[in-house]
Amino acid sequence: MSQSKRETERKYEPAASGADGLPDLTGVGPVASVTAAGPEELDAVYYDTADLRLAGASVTLRRRTGGADAGWHLKLPLGGDSREEVRAPLSDDVPEELSDLVLSRTRGARLLPVVRIRSTRSLRHLRDTEGAVLAELSLDEVRADSLSAGGGHAEWSELEVELADGASATLLDRVEKKLRKKGITRADSPSKLVRALRETGLEPESAPRPSPGAAPGSSGSYVLAYLREQVARLVALDPAVRRDLPDGVHQMRVTCRRLRSCLRSYRSVLDRRATDPLRAELRWLAGELGVARDQEVLRERIGAALDELPGDLVLGPVAARLRVWDVSGGDETRTRTREALASSRYVRLLDALDDLVRRPPLRAKAGGKPGRVTAKAVLKEYDRFAARMDRALELPPGPSRDVALHQARKAAKKVRYAAEVARPALGKPVARLGKCAKAVQKVLGDHQDAVVAQDALRGLAVAAHGAGESAFTWGLLHGREGARADARQEEVPSAWRAASDPALRAPLRH
């Protein structure tokens, strides 16, 4: 069973005098005392693919013995000085749960031992007035050996400062200021592995350069920059979805939509003969994720509505029935999501997205002026959005109008995503249009959620009645959702008037 924690640390080049050259950190911020711990002998073997795909993505996977946390450690980048460390018990082979968490990076390639790093560690604890540990300061004497044929050997010393759980990140800045006064500077390498690979003659492949067809400042360069960002985000979100972390499924689904929308909106830049099959596969993945996300939204919405009811309006085992409904539906949706992420179809999609950004099928307009090309794409999506809104508002209230409003909501998202691509080129005018489209989308989204919730509540009421329970509370919640849907429909014309103001689009037409 794996565990995880957030790790925030900085590495430094220690003074030549080693431990004797360290400053006294007592009194630095909340540090009231510094205590020393005995030396530790740490022995870690790092695993990666033959072409070092994990290292290339700033991910590390190691099997370490010695110290208080012996076992398997997977470190995933979070940005800045922080990483998420996922731990699994010590075993001979890479734990399956950890190999699954790196699948979006390895694409199924075999994980092999690539370098062995042994460290002799002197440890100091920075403590507050109550004796609680705020941070650990460790001085390591490091020996690294490549495990490939003919690999090299390297030795160095490094200083590491790692925050304890709950400690303020500002402590790192204060400690660093004190270290600098002693001539101790930040290390060039963010991790032992990066330095070991470099100094033993192994380094991951550098990121591929952009296609020479996408000249800097061209419309193609803006579209490709957006695509690269979203592809990287999709890959990075994979471990969060596999671990059922909050909002992971939602964010991955949104990323699929952003990619699909970009490929659709900017067909003048990228050849649709290459991108349409990708859009179909992204739609498949979003659909597999959508089942889990829809269940999550419904659970939160119905649970919150139930919590708001006075006790005398909750009749029968309502909470228990909701839990059973959620568990039965949640298990099924999570299984479906896991199966999708474990499939060869998913891996092929990731490979195809990589290939798209490395060798983009650029069309002639990719070299055009970004302002003109991106503005045209945004306005084209806006026109589709406007046509759907006008059609929906012409219909009388009822199921047909609900469907039409939902279609308009999806069109509003496409305007937003097209505007995101264009914003670096067009600035505030397109950002304002995207913001107004988002406001309409928000109203339409709450309307759609209320419509879907009514269907779920009707099913819960039928099940309760069939089991001989009172259906009163479910009927009450159903009625409230109906009233909420009606209220949101009344807000739609006002939100649409603001988004349809010609002044919003005028700067994009020039």
Side-chain angles (χ1 to χ4, degrees), residues 79 210 214 216-237 247-270 272 275 278-279 282-283 285-286 289-290 293 353 356-357 360 362-363 365-366 368-386 388-389 407-445 495-496 498-501 504-509:
S218 66
S219 60
S221 69
Y222 286 99
V223 173
L224 288 176
Y226 185 83
L227 287 174
R228 288 190 190 97
E229 178 185 351
Q230 298 306 317
V231 170
R233 182 169 174 77
L234 185 70
V235 170
L237 283 166
D247 213 34
V249 168
H250 172 58
Q251 291 300 325
M252 194 177 205
R253 187 185 186 191
V254 168
T255 303
C256 288
R257 287 173 172 167
R258 282 190 162 101
L259 284 165
R260 285 183 61 219
S261 182
C262 180
L263 296 178
R264 168 198 162 99
S265 299
Y266 292 92
R267 288 182 292 200
S268 63
V269 173
L270 296 167
R272 66 179 301 175
T275 60
L278 275 176
R279 289 182 58 231
L282 287 165
R283 183 174 185 175
L285 179 57
L289 297 168
R293 174 58 181 168
L353 290 171
L356 173 73
V357 297
L362 298 175
R363 300 184 65 191
K365 287 188 177 180
K369 294 181 179 180
R372 180 175 300 176
V373 174
T374 58
K376 185 175 180 180
V378 173
L379 291 172
K380 192 171 183 179
E381 291 297 352
Y382 177 86
D383 289 342
R384 293 191 183 100
F385 172 38
R388 289 190 178 185
M389 282 300 302
Q407 294 302 315
R409 176 197 180 197
K410 291 193 286 188
K413 290 180 181 179
K414 291 182 173 66
V415 175
R416 280 184 53 214
Y417 300 150
E420 288 177 357
V421 179
R423 183 170 183 176
L426 300 178
K428 290 183 179 180
V430 77
R432 284 193 290 268
L433 182 62
K435 185 177 181 179
C436 287
K438 184 177 181 179
V440 179
Q441 176 198 324
K442 184 176 180 180
V443 176
L444 295 176
W496 173 232
S500 59
D501 185 348
L504 282 172
R505 305 188 301 285
L508 307 184
R509 298 190 185 280

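- Taken from CG in L285 to CE in M252, the straight-line distance is 5.5 Å, to the nearest 0.5 Å.
- The nearest pair of heavy atoms linking A418 to V378 is O-CG2, 3.6 Å.
- The two residues V373 and S219 come nearest to each other via the heavy atoms CB-CB, 3.7 Å.
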Step-by-step side-chain contact (heavy atoms from CB on, under 4.5 Å) determination, K376 to K365: CA-CA 12 Å; K376 185 175 180 180; K365 287 188 177 180; 3.7 Å; yes

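- Note that OH of Y266 and CG of L227 are 10.5 Å apart. Values are rounded to the nearest 0.5 Å.
- Considering every non-hydrogen atom in both L504 and A499, the closest pair reads CD1-O, 3.6 Å.
- Environment of NZ in K413: crowded, with over 12 heavy atoms of neighbouring residues, nucleotides or ligands closer than 6.0 Å.
- Here the shortest heavy-atom pairing between S500 and R505 reads O-NH1, 3.2 Å.
- Between the R363 side chain and the R267 main chain, a donor and an acceptor come within less than 3.5 Å of each other.
- The aromatic rings of W496 and Y382 sit parallel, their planes meeting at an angle under 30°, below the 60° perpendicular limit.
- R388 places a side-chain N or O within 3.5 Å of a backbone atom of Q407 that can act as its donor or acceptor partner.
- Remark: K380 NZ to S265 OG distance equals 9.5 Å, nearest 0.5 Å.
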- prompt: Hey, mind stepping through R423 and E420 against salt bridge (Lys or Arg N to Asp or Glu O under 4.0 Å) and telling me if it holds?
  reply: CA-CA 5 Å; R423 183 170 183 176; E420 288 177 357; over 6 Å; no

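- Between L282 atom CG and L234 atom CG the span is 7.5 Å, to the nearest 0.5 Å.
- Taking all atoms of both residues into account, the shortest heavy-atom contact from A437 to V415 is CB-CG1, 4.0 Å.
- Note that CZ of R233 and OG1 of T255 are 4.5 Å apart. Values are rounded to the nearest 0.5 Å.
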query: Could you walk me through whether R253 and H250 pass the side-chain contact (heavy atoms from CB on, under 4.5 Å) check?
result: CA-CA 5 Å; R253 187 185 186 191; H250 172 58; 5.6 Å; no

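- For the atom pair SG of C262 and CG of L270, the computed distance is 7.0 Å after rounding to the nearest 0.5 Å.
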- request: Show your working on side-chain contact (heavy atoms from CB on, under 4.5 Å) between L508 and T374 and close with a plain yes or no.
  value: CA-CA 9 Å; L508 307 184; T374 58; over 6 Å; no

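- For the side chain to side chain donor-acceptor pair (under 3.5 Å) condition, the pairs that include at least one residue of residues 428-444, sequence neighbours left out, are R416-Q441.
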message: The test is side-chain contact (heavy atoms from CB on, under 4.5 Å); show your working for L224 and L362 and say whether it passes.
response: CA-CA 10 Å; L224 288 176; L362 298 175; 4.2 Å; yes

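- Judged purely by distance below 3.5 Å, without hydrogens or angles, the side chains of Y417 and R257 never pair a donor atom with an acceptor atom.
- In this structure, L444 and M389 approach most closely via the heavy-atom pair CD1-SD, 4.0 Å.
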